[in-house]
Amino acid sequence: MNDSSSVVDLADLLRRELQRYPDGQMLPSSRALMARYQVGPGTVSRAVAVLAAEGLVVSRPGAGVFRVRPHDGPDRRGGDLSWQQVALSAGRGERAVDATGVLATLTVPPAEVIDLSGGYLHPSLQPERALAAALARAGRRPGAWGRPPVEGLPELRAWFAADISGPSQALGAADVLVASGGQSALSTALRALAAPGSPVLVESPTYYGILAIARAAGLRPVPVPLDADGVRTDLLADAFAATGARVFVCQPLFQNPTGAVLAPQRRTEVLRIARAAGAFVVEDDFARRLAHADAPPLPLPLATDDPDGVVVHIRSLTKVTSPSLRVAGLSARGPALERLRALQAVDSFFVSRPLQETALELVAAPAWRTHLRTVATALRDRRQALAVPLHRHLAGPAPLGSYQLWLRLPDGADETAITAAAFRAGVSVTPGRAYFPAEPPGPHLRVSFAGAGGVQQLAEGAELLNRVLAEGAP
């Protein structure tokens, strides 16, 4: 089997192999399965997820994957499920629900593999004590377990408005909805603002979660290339004219995966072009609280210079705290805000009040500012630990914010094979193909310095990756 083999094929092979295993026996490690079947880490993790969904295995983080006894009762695999293919494909329109990239990010590598692919802070950088204290205080608040307003707690909405606006005071509490994290806010924004089947403009490359959301909503992502100064506004104008799109999704600050910051002259152009096209700009401001200690003063969000309600802004607390603090602010003005509010209410009613109360307690505590300074210093040190040994592979300058580096591989390099070889060597990285909505201009890798155990582990991971890149993939 080669790296292009399907998840279905590997799942079938493992399913047959499981028949020889007693209940409770551990499967071979991910590295062993990759070597045996010549597949990449994503294929292995998705095949294991299929078996887990069927109740045949259970994954225990840090321990391994184990065979489990099927549930008592009729054989759940004895029926004919083929009819579902017809049912799921019937009707007009197409929704490609492909969570490959998202699931890869959420998959924790084995303990023996250095994590250079994760999108969340390592537990040692998360404010666990401050979160625990905030949760305890929140639970004692009067009405903490009552039903919150659909829009979110007024105090939390006001905090998000002030946090987004800064000194400009461009937003008020009435302009903000509390959402269940940045991913949920992005999904609400795209489905509320773009009609199914329509095009949506995205940066190229871009965060693959944006592409997954768009395709799952029946939208057609259209790439607009980037350079070192962010999205190319000349091509943005062309894309609006050619497609008639009414939404452009961007990350102006420390863009994922390139780390680009939108240049000052282009900020004005983005808003002007979108306004002329009668379109919205969805500003995913995910990295605002991930600026490094040596970063210069940050530009204000696009939303602070937007009198006409062009910008729909997203600010999440998750990235700088914990994957489980799924609280974000989703801001807009006018009828767009009402559309967002209605869709979010239909989808989820409201965000859990205890979680909102916990977020309020956290950001009001003295430990909040201390945590932000600690993270800023740690990310600076981690960036240097990874960027210095990998400098010759960087596609551009190492960004002074966020948690990833964007590597450009030589033309003709097989990024999937290199990713698999790196995993076998003991380091987990992300192939670049998933970040492009269309054909990529060349092979890339994204490496993250947020989820590793520390500077020493990052240095070791860089050494292993350099060795793989020097030797080339088999």
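Keep in mind that the numbers below use all heavy atoms, side chains included, and drop hydrogens, waters and symmetry copies.
- Here the shortest heavy-atom pairing between Val468 and Ala421 reads CG1-CB, 3.9 Å.
- Glu203 places none of its side-chain heavy atoms less than 4.5 Å from the side chain of Thr258.
- Minimum interatomic distance between Ala450 and Leu125 (heavy atoms only, all atoms of both residues): O-CD1, 4.3 Å.
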Please assess Asp305 against Leu300 for the test side chain to side chain contact (heavy atoms under 4.5 Å, CB included), listing each intermediate value before the final yes or no. CA-CA 8 Å; Asp305 188 22; Leu300 291 174; over 6 Å; no

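- Summarising the geometry of Lys319 relative to Gly119, their closest heavy-atom pair is NZ-O, 2.8 Å, with the distance given to 0.1 Å.
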Test side chain to side chain contact (heavy atoms under 4.5 Å, CB included) applied to Leu156 and Val327, step by step: CA-CA 10 Å; Leu156 187 55; Val327 176; 3.9 Å; yes

Please assess Leu219 against Ile213 for the test side chain to side chain contact (heavy atoms under 4.5 Å, CB included), listing each intermediate value before the final yes or no. CA-CA 9 Å; Leu219 305 175; Ile213 288 170; over 6 Å; no

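- The CG atom of Asp308 sits 5.0 Å away from the CZ atom of Arg275 when rounded to the nearest 0.5 Å.
- A pairwise comparison of heavy atoms in Asn466 and His393 identifies OD1-NE2, 3.2 Å as the closest pair.
- Closest approach of Phe240 to Ala279, counting heavy atoms only: CE2-CB, 3.4 Å.
- Residues Gln356 and Pro148 meet the side-chain proximity criterion, which asks for heavy atoms closer than 4.5 Å.
- Counting only heavy atoms from C-beta outward, the side chains of Arg267 and Pro299 approach each other to under 4.5 Å.
- Using a 4.5 Å heavy-atom cutoff, the side chains of Leu317 and Trp159 are in contact.
- Across every non-hydrogen atom of Ala376 and Ala291, the tightest pair is CB-O, 3.4 Å.
- Note: Leu379 CG to His292 NE2 = 4.5 Å, rounded to the nearest 0.5 Å.
- Residues Cys250 and Leu262 fail the side-chain proximity criterion, which asks for heavy atoms closer than 4.5 Å.
- Looking at Gln457, its side chain never comes within 3.5 Å of a backbone N or O of Ala452 through a donor-acceptor pair.
- Side-chain contact between Asp414 and Leu409 is absent, with no heavy-atom pair separated by less than 4.5 Å.
- Arg215 has its side chain within reach of Pro437: a pair of non-hydrogen atoms, C-beta onward, lies under 4.5 Å apart.
- No more than 12 heavy atoms of other residues, nucleotides or ligands lie within 6.0 Å of CZ in Arg339, so this atom counts as exposed by the packing criterion.
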Would you check, one step at a time, whether the test side-chain hydrogen bond (donor to acceptor under 3.5 Å, both in side chains) holds for Ser117 with Asp115? CA-CA 6 Å; Ser117 59; Asp115 184 3; 3.2 Å; yes

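- For the pair Arg157 (side chain) and Val176 (backbone), a donor-acceptor distance under 3.5 Å is present.
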Begin with the C-alpha distance, continue with both residues' side-chain angles, and end with the deciding distance and a verdict on salt bridge (charged side-chain N to carboxylate O under 4.0 Å, His left out) for Arg315 and Asp163. CA-CA 9 Å; Arg315 172 75 58 84; Asp163 192 58; 2.6 Å; yes

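- Separating the NE2 atom in His391 from the CG atom in Leu407 is a distance of 12.0 Å, to the nearest 0.5 Å.
- Taking a cutoff of 4.0 Å between a charged side-chain nitrogen and a carboxylate oxygen, Arg266 and Glu269 do not qualify as a salt bridge.
- Contact of the Arg288 side chain with the Pro301 side chain is registered, since non-hydrogen atoms from C-beta on lie closer than 4.5 Å.
- For the atom pair CD1 of Ile164 and OG1 of Thr304, the computed distance is 10.0 Å after rounding to the nearest 0.5 Å.
- Relative ring orientation between Phe286 and Tyr403 is described as perpendicular, the plane-to-plane angle rising above 60° on a 0-90° scale split at 30° and 60°.
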